Amino acid sequence: MFVRLGNLSEAWYVFGKMQERDVFSWNVLIGGYAKKGFFDEAIELYGRMLWLGGAGVRPDVYTFPCVLRACGGLSHWDRGKEIHAHVLRYGFESDIDVLNSLITMYVKCGDVENGRVVFDGMCKRDRISWNAIISGYFENGECLEGLRLFFLMRECCFHPDLRTMTSVISACEVVGEESLGRAVHGYVAKMEYGADESVHNSLIQMYSSFGKWEDAEKVFDRIECKDVVSWTSMISGYNNNGLAEKAIETYKMMELEGVVPDEITIASVLSACASLGFLDIGVKLHELAEKTGLVRYLMVANALIDFYSKCMSIDKALEVFHQIPDKNVISWTSIILGLRINNRSFEALIYFRKMKISLNPNDVTLISVLSACARIGALMCGKEIHAHVLRSGLGLNGFLPNALLDMYVRCGRMVPAMNQFKTRKHDVAAWNILLTGHAQRGQGELAIELFDKMMGSKVNPDEITFIALLCSCSRSGMVTEGLQYFKSMKTEYSITPNLKHYACVVDLLGRAGKLDDAYEVIEKMPMKPDPPIWGALLNACRIHRRVDLGELAARQIFGMDNMSVGYYVLLCNLYSDSGKWDEVARLRKTMREMGLAIDPGCSWVEIKGTVHAFLSGDTFHPQIQEITAVLRGFYEKMKAAGYSDPEKSSIDEIEESKSEVFCGHSERLAVGFALINTAPGMPIWVTKNLYMCESCHDMIKFVSKVVRREISVRDTEHFHHFKEGICSCGDEGYGEYLENEIT
DNA sequence: AAGGGTGCCG
């Protein structure tokens, strides 16, 4: 009685008082513990029964299933094997229930082979035997063998039940058997009792994973009593098919229906908010999770980190991260990636070091860290990860090889990049990474050569391929070629140009001085131009000092309620380059009133494997006195050689520019620091988060000549390679980059 | 028995 009431301690007490304990009383107790999930206790009791039970007490057809279930639940293979021996010793080798539970035990311990041996040895089998072995194969990843047995089951005239069908449906999903999945769906629809929620839920999941979200929707709509799993399956189905808006709509409907979300629902909806940048809805979900206590689930906290990061609220993400008591790999990976996305790659590397103390990074972690290394030119750190990848064998598939390739390309190391490229089969992304590398160096000819090679290798170009290609043409002034490729996108490769391609074309024409043509492209394009398109025009107007058209572009951008500082800076530079100082002052005032802060310039330089970061106007660096002295020395020499400062006042980095002597720009500081801390003659590699200014460009050119060192500065757009007083960009921001490999 | 959080190249 007490067992049935769930009061096990009371039952144990009564059991202890009993004078005579027969098999039945042992069974009741063992079964009670096993059913409640107290598997250790159940196994312990079974042991006592054998030792203390006395001559008359032997395990029977009821005892074995209970204790085997406990072994399966704990994945105690050794114990299970021992009990298998007991089954044979006590003569139950032909009892169907006992053998069925043996199959289940082996399967749960991950040993489907021994389960199969038991199954094959049975002289009679029932539906449960078939279910046990079939779902065993599915659970252990051998879906094909499971499906084979499923067909065999029907040949043997056993009718599968709903449980069988649920596993079969998820097996179809795993092996990607869409037509079989559809057939199973048809079969289920004709089943005697009709399908239940779990069958429908797995159908939703299966169709979603095939990208057939409309079919998933049909199944979902037909479910009469949708439970939390049905709703969540549909939400994540939309999510995985890139329909985050629909995912959020579905969640709202679920709320209206009064279904209570659980931790998985919250995580899925947060993921939808993250991809859409819906800060307010996500914040509400956060509040809900706090109120209901669901934040305690690691999955929810991790989803929150990702959500805040992608909504550019990295400080909130950090707050959530630091509140997690036991962070797992995903928590760390999410915060590292979040810092990377929010332009805080330097800190991302610091978090990676901290993480490694207690946890082993996985492939996704390494991809995120490599991406951070690529942003700040942390070559040594990237190489360290490369070594780790080779040691761990993680790098053979997935995104890791391309992440390594990207890291080498962005760090300017083309030789290891090409080695990385050559060692493996390349997909579109790999080609795109190399193309992007050429675009950054303004190597239009090389980009076209590479594109031809790519076409020769039967890899289909995608939309990103054309962005890289158009970019390369634009930076090299190859207008005709660029326009030709733009046209061929649709005609030859059936890729419809998107907003980004149009932005490239506007840039292509604009940079070449064909400003009116660029404007015409914008006017005639089939979709509504977005801020980056007008931004490309504005930038072209800045280069060619066309105030009227630039103002028109700026009005369009500001009319779209855009809060990005970059466009204000561009307009400001257009005014200052054109000598319109009143307008500059007016615009700066507006910016101050709007509370728009200009991103601080930041440069990084890696010395002996350590990345050093410099902010513009940095005065706190321990070696700042020395750095300033060195730079001042060069400045004096330059002036003596007849150099005069450029007239314009750039507000790219700091408002009160100290341009007369020493502008304090971060790339200068980084170069100065590297000069002091590396051996003479050694090359210097600097990475910067904004564009280089003209005065720094002049100065570094001069420095490269005086100290006879090669200096590379990679800014957001180009690689500048300074050697003997000449820059690879040809002082135009574009030009030939001389490949010069130093590792 | 069914649903889940992190990912390269504009």
Side-chain angles (χ1 to χ4, degrees), chain A residues 131 134-135 138-139 161-170 173 195-206 208 223 226-237 239-240 261-271 274 297-307 309-310 328-338 340-341 361-371 374 398-407 409-410 426-437 439-440 461-472 498-501 503-504 507 532:
Chain A
N131 275 350
I134 291 173
S135 62
F138 293 155
E139 276 163 33
D161 58 9
L162 292 178
R163 221 178 120 153
T164 326
M165 297 322 285
T166 313
S167 349
V168 171
I169 293 164
S170 19
E173 181 195 326
D196 65 349
E197 282 80 50
S198 52
V199 169
H200 284 131
N201 294 346
S202 34
L203 280 170
I204 296 174
Q205 165 70 8
M206 179 193 77
S208 305
I223 304 177
K226 302 176 178 72
D227 61 9
V228 63
V229 181
S230 320
W231 287 98
T232 311
S233 304
M234 198 61 237
I235 290 171
S236 56
N239 244 356
N240 299 334
D262 65 6
E263 75 278 11
I264 302 179
T265 321
I266 299 284
S268 310
V269 185
L270 276 171
S271 155
Y297 287 92
L298 201 48
M299 195 199 301
V300 172
N302 291 347
L304 279 168
I305 296 173
D306 184 55
F307 156 73
S309 302
K310 289 192 177 143
N328 68 0
V329 188
I330 299 180
S331 324
W332 283 95
T333 305
S334 302
I335 200 67
I336 289 170
L337 186 77
R340 211 304 268 134
I341 298 171
N362 67 16
D363 52 341
V364 185
T365 321
L366 297 180
I367 288 165
S368 310
V369 179
L370 282 170
S371 166
F399 290 131
L400 254 174
N402 283 345
L404 281 165
L405 180 63
D406 183 54
M407 185 274 295
V409 168
R410 281 178 186 263
H426 359 277
D427 52 11
V428 212
W431 288 100
N432 289 348
I433 291 164
L434 286 187
L435 275 173
T436 309
Q440 279 188 330
D462 63 5
E463 37 200 31
I464 294 164
T465 314
F466 282 98
I467 292 170
L469 194 58
L470 291 172
C471 245
S472 310
N498 62 28
L499 281 165
K500 277 156 187 162
H501 298 109
C504 287
D507 187 68

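Proteins come first, then strands; the chains are lettered A, B, ... in the order of their sequence lines, and each starts at number 1. No experiment lies behind these values; they were computed from the predicted model shown.
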Heavy atoms only: give me the nearest A:C471-A:A439 pair and the separation to one decimal. CB-CB, 4.0 Å

Identify the two heavy atoms, one from A:G437 and one from A:V409, that lie closest to each other, and give their separation to 0.1 Å. CA-CG1, 3.5 Å

Which part of the nucleic acid, if any, lies within reach of A:R340 when heavy atoms closer than 4.0 Å are counted: base, sugar-phosphate only, or nothing? nothing

List in chain and number order the residues that pass side-chain hydrogen bond (donor to acceptor under 3.5 Å, both in side chains) with A:T436, two or more places apart in sequence or in another chain; answer none if no residue qualifies. none

When all nucleic acid strands are considered with a 4.0 Å heavy-atom cut-off, which category describes A:D262: base, sugar-phosphate, or nothing? base

Need one value for A:K226: base, sugar-phosphate or nothing, where a base atom within 4.0 Å counts as base even if backbone is also close, heavy atoms only. nothing

Which part of the nucleic acid, if any, lies within contact of A:I330, taking any heavy atom under 4.0 Å across all strands shown: a base, the sugar-phosphate backbone alone, or nothing? base

Tell me what A:S167 touches on the nucleic acid: a base, only sugar-phosphate, or nothing, going by heavy atoms under 4.0 Å. nothing

Out of A:D406, A:D462, A:N402, A:D427, which residue meets the side chain to side chain donor-acceptor pair (under 3.5 Å) rule with A:N432? A:D462

Looking at every strand, decide which applies to A:V228 at a 4.0 Å heavy-atom threshold: base, sugar-phosphate, or nothing. base

Describe the nucleic acid contact of A:D462 in one word from base, sugar-phosphate, nothing, applying a heavy-atom distance below 4.0 Å. nothing

Give one of base, sugar-phosphate or nothing for A:A429, where a contact means two heavy atoms less than 4.0 Å apart. base

Mind checking if A:I464 touches a base, just sugar-phosphate, or nothing, with heavy atoms under 4.0 Å? base

Mind listing the closest non-hydrogen atom pair of A:N498 and A:K500 along with its distance? OD1-N, 2.9 Å

Report yes or no: does A:N240 contribute a side-chain atom to a donor-acceptor pair with the main-chain N or O of A:S236 at less than 3.5 Å? yes

Sugar-phosphate only, base, or nothing, as touched by A:L298 at under 4.0 Å among non-hydrogen atoms: base

What are the two closest heavy atoms between A:F307 and A:A274, and how far apart are they? CA-CB, 3.7 Å

With sugar-phosphate meaning primed atoms plus P, OP1 and OP2, does A:N328 contact a base, only sugar-phosphate, or nothing at under 4.0 Å between heavy atoms? base

First and last nt of DNA chain B near chain A, cut-off under 4.0 Å to heavy atoms, 5' to 3', are B:dA1 to B:dG10

When all nucleic acid strands are considered with a 4.0 Å heavy-atom cut-off, which category describes A:T333: base, sugar-phosphate, or nothing? base

